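Down below is the structure, laid out as structure tokens.
Letters A, B, ... are given to chains in the order of the sequence lines, protein chains preceding strands, and every chain is numbered from 1. Here the structure is a predicted model, which is why all the values come from computation and not from measurement.
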Number of protein chains: 2
Amino acid sequence: MSETMPPTRPGPNLSRIATSLGVSVATVSNALSGKGRVSEQLAERIKEHAAELGYVPSQAGRALRTGRSGVIGLVLPDIANPLFPKLAQAIEFAASAAGYGVLIADSRGDVATQTEAINRLIERGVEGLVIVPRRATRISAAACPVAVIDTGSTPGNTVAADHMQGGWAIANHLAELGHRRVLIIGNNPGSNVQNDRAGGVRSGLRPGMSSATLWIETLERQGGSGCSLGLAEKVREGYTAFAALSDLQALRALTELQRDGIDVPSMASVTGFDDLIWSPVITPSLTTVAMDMHTIAEIAISSLLQTIKTRGSREGVLVTSETDRVPMQLIVRQSSGPADPTRIS
Amino acid sequence: MSETMPPTRPGPNLSRIATSLGVSVATVSNALSGKGRVSEQLAERIKEHAAELGYVPSQAGRALRTGRSGVIGLVLPDIANPLFPKLAQAIEFAASAAGYGVLIADSRGDVATQTEAINRLIERGVEGLVIVPRRATRISAAACPVAVIDTGSTPGNTVAADHMQGGWAIANHLAELGHRRVLIIGNNPGSNVQNDRAGGVRSGLRPGMSSATLWIETLERQGGSGCSLGLAEKVREGYTAFAALSDLQALRALTELQRDGIDVPSMASVTGFDDLIWSPVITPSLTTVAMDMHTIAEIAISSLLQTIKTRGSREGVLVTSETDRVPMQLIVRQSSGPADPTRIS
DNA sequence: CTGAAAGCGCTTACAG
DNA sequence: CTGAAAGCGCTTACAG
């Protein structure tokens, strides 16, 4: 007789509970899952005993039987980018609330790594995927439902912040303060997000206002900030508002202006995007516009789970949502106080 | 006859490959896992066919049989805290390299949530856990091996950055520059990490140098930075060096000094901790000290997997490591240039 | 209301 | 070198 001995979990299983109580595993299963096929009394007794024994259901067994792993995958281009942690947190929160686990994968900005990461997650049996694609990547249907979170301009997007509207809100704010010349500062002319934001700013300018756009190079990590952006000069040219397309560049602009003796906000305004963690902390604190990560995550997860529920988890479809652009919220702080051109040297 | 129909995966399984090739599933399994019990030729043929069919092994089936899920859990107190994304990235990288998936859980700074998160991960069948504990939490043995990453002062720690040594490096650097009065700036006198860092700074002072410590209150997120730290006054009192216990506070100090007309680094030096993303970008860029997240993650993961391998994944032990304190690396940038007291008003 | 049985996909000890 | 069989823990359709 050929016998085999797969490893046993040390914890109790349904069978242990069943024999110890003199009932069948089916009944224990039904009692614990609360499907109501078991008498009130017996169910109570079983639950009690299970708790006593410290029973933990085996996800592996359940997954094998039901075909549902209870896990989704989250693919990010770079967790270390300060934009993504908040999103990851919101996704994890929304997924947990729906009873799902979250497997993460960092594609490290590389397209090949991204593909590989997606495959690894699928091998691990995720029921669906939330992907924040690497810039300019088009996610072709994977082997499971996929919710894409990207800028609104990308086709196949499930949900995104409304970057255009965010830019508009910034411009509107600057207009109200009486600014006339706005310098838009970005670092990546090829980025959809930055272009949407810049376009939004321009669309919010009013008659009599003008803007120019400065694309600065991203500094190498260890490169230091030796090279000046020449913003003090821009102030002398008549620019009173600096609308950076991300808080990081706003911070760079702000510290450079301060170093060069331009007082913010009395002599010039600086605004950012994203409301990163330090935005309220710096002096003066930064006026910015924030994505509603909570809502974005909520929409992505609920659309994804909806699709999984209706079409199964093995069909490679791009999830859609009714609301695919979530408004950004203007956060007014001190750095964009009233412009006062008289104080400009 | 009672028949049942568990859902079938749409993809091919071992059995499909086996029948399609006229061999047994055992042989297919052996061929694909490369255990060498199959003839070279046949193995090749099987692998080819499997690839053609796009075979993806079922983790659920494998996990159920072997008792190994191939997944570990990562519990963080707050992913949105700028300190953790880099660590999460490094952990994910190290785990992937070892063939493991990473389930994340954010305890949102709450002890109850942390416990709950740990339980959820265990229910999901993780083989081990990497926990960055919420401040002052003692991780009592869970139901699986646990690697704790925390400050070195905590017992039961697997690996940590050597915060004391980092502080020492900062003080040493300031001493070399000729500073005599150092103001240490922290925001949490109850934090082990901050105390280690502050202690390190003090331990690195040389004869003739002195320090004081300023504990500032953490600002409410939306509170703005209305309240000044009064650092300009400190400069007048003779402090020339400001050693913040995190980059966030260094940034606050730097922007306040600049606003108040104190030029950094010519009139005062500012240093930080952690080398957050914006540290090289600000003007002047920030001298700081960085944790070696890569090494920390490497040690945590390899110790954890070692423990899993030798003691199994169902015993709740705290993992230990030989090297439990990883040195921090000083990164000198412009904000800590030479002190020049003559220019102080 | 309760139980016996099948089977999800895999790996492994054993027989041939 | 290859195959038949058992069994990991679970859920579900069916019989009683």
Side-chain angles (χ1 to χ4, degrees), chain A residues 1-19 21-46 50 53 55-70 123-125 127 312-314, chain B residues 1-19 21-46 50 53 55-70 123-125 127 312-314:
Chain A
M1 168 184 165
S2 64
E3 196 76 18
T4 196
M5 270 300 275
T8 316
R9 296 195 313 164
N13 53 21
L14 287 188
S15 163
R16 190 120 108 222
I17 299 175
T19 54
L21 240 45
V23 297
S24 76
V25 287
T27 299
V28 176
S29 173
N30 281 324
L32 293 180
S33 63
K35 291 238 169 55
R37 299 202 254 254
V38 186
S39 72
E40 199 65 39
Q41 286 182 12
L42 183 51
E44 206 46 58
R45 211 150 61 87
I46 290 173
L53 259 51
Y55 169 68
V56 176
S58 155
Q59 280 295 325
R62 184 173 291 172
L64 185 56
R65 169 65 214 221
T66 63
R68 328 189 75 246
S69 63
E123 284 185 22
R124 291 238 134 71
E127 291 182 38
S313 68
R314 286 296 164 175
Chain B
M1 170 185 164
S2 64
E3 196 75 17
T4 197
M5 270 300 276
T8 316
R9 295 196 311 163
N13 53 21
L14 287 188
S15 163
R16 191 121 107 219
I17 299 176
T19 53
L21 240 43
V23 297
S24 76
V25 287
T27 300
V28 176
S29 173
N30 282 324
L32 293 180
S33 64
K35 290 239 168 57
R37 298 200 252 257
V38 187
S39 72
E40 200 66 37
Q41 286 182 11
L42 183 52
E44 205 47 56
R45 212 151 61 87
I46 290 174
L53 260 50
Y55 171 68
V56 175
S58 156
Q59 281 294 324
R62 184 174 289 172
L64 184 56
R65 169 65 214 224
T66 63
R68 329 190 74 243
S69 64
E123 284 185 22
R124 291 236 132 71
E127 290 182 37
S313 67
R314 286 296 163 176

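In this structure, A:Thr66 reaches the sugar-phosphate backbone alone: every heavy-atom distance under 4.0 Å involves primed, P, OP1 or OP2 atoms, never a base. Heavy atoms of B:Ser58 sit under 4.0 angstrom from primed sugar atoms or phosphate atoms, though from no base atom.
Within the structure, every side-chain polar atom (N or O) of B:Ser24 is placed at least 4.0 Å from both OP1 and OP2 of D:dA4. Contact check, B:Ser29 against C:dT11: a side-chain N or O comes under 4.0 Å of OP1 or OP2. Checking the phosphate oxygens (OP1, OP2) of C:dT11, no side-chain nitrogen or oxygen of B:Ser33 falls inside 4.0 Å. One finds no side-chain N or O of A:Arg62 lying less than 4.0 angstrom from the OP1 or OP2 phosphate oxygen of D:dG9.
Atoms CG (B:Leu14) and P (C:dT12) sit 12 Å apart, rounded to a whole Å. The separation between A:Arg124 atom CZ and C:dG9 atom P is 19 Å, rounded to whole Å. B:Glu40 has its CD atom 16 Å from the C1' atom of D:dT2, to the nearest Å. A:Leu21 places its CG atom 10 Å from the P atom of C:dG3, with the value rounded to the nearest Å. Across the protein-nucleic acid pair, A:Glu123 atom CD and C:dG9 atom C1' stand 15 Å apart, rounded to whole Å. The distance between atom CG of A:Leu32 and atom P of D:dC10, rounded to the nearest whole Å, is 9 Å. Rounded to whole Å, the distance from CG on B:Asn30 to P on C:dG9 is 19 Å. C:dC10 atom C1' lies 11 Å from atom CD of B:Gln59, rounded to whole Å.
Taking 4.5 Å as the limit, some side-chain heavy atom of A:Val23 sits within range of a side-chain heavy atom of A:Leu42. With contacts defined as side-chain heavy-atom distances shorter than 4.5 Å, the pair A:Leu21/A:Thr27 does not qualify.
Proximity of a side-chain donor or acceptor of B:Arg16 to a complementary backbone N or O of B:Tyr55 within less than 3.5 Å is not detected. Between the side chain of A:Glu127 and the backbone N or O of A:Ser69, at least one donor-acceptor pair lies under 3.5 Å. A distance-only check finds no donor-acceptor pair linking the side chain of B:Arg68 to the backbone of B:Ser313 [under 3.5 Å].
Summarising the base pairing, C:dC1 is matched to D:dG16 through a Watson-Crick or G-U wobble pair whose two defining distances lie under 3.5 Å.
Listed nucleotides: D:dC1, D:dC10, C:dT12. Nearest to the side chain of B:Arg65: C:dT12. In this structure, the nucleotide among C:dT11, C:dG9, D:dG3 sitting nearest to the side chain of B:Ala26 is D:dG3. Listed candidates were C:dC1, D:dT2, C:dC10. Nearest to the side chain of B:Pro57 is C:dC10.
Projected onto DNA chain D by closest heavy-atom contact, A:Thr27 and B:Leu42 fall at different nucleotides, the more 5' of which corresponds to B:Leu42.
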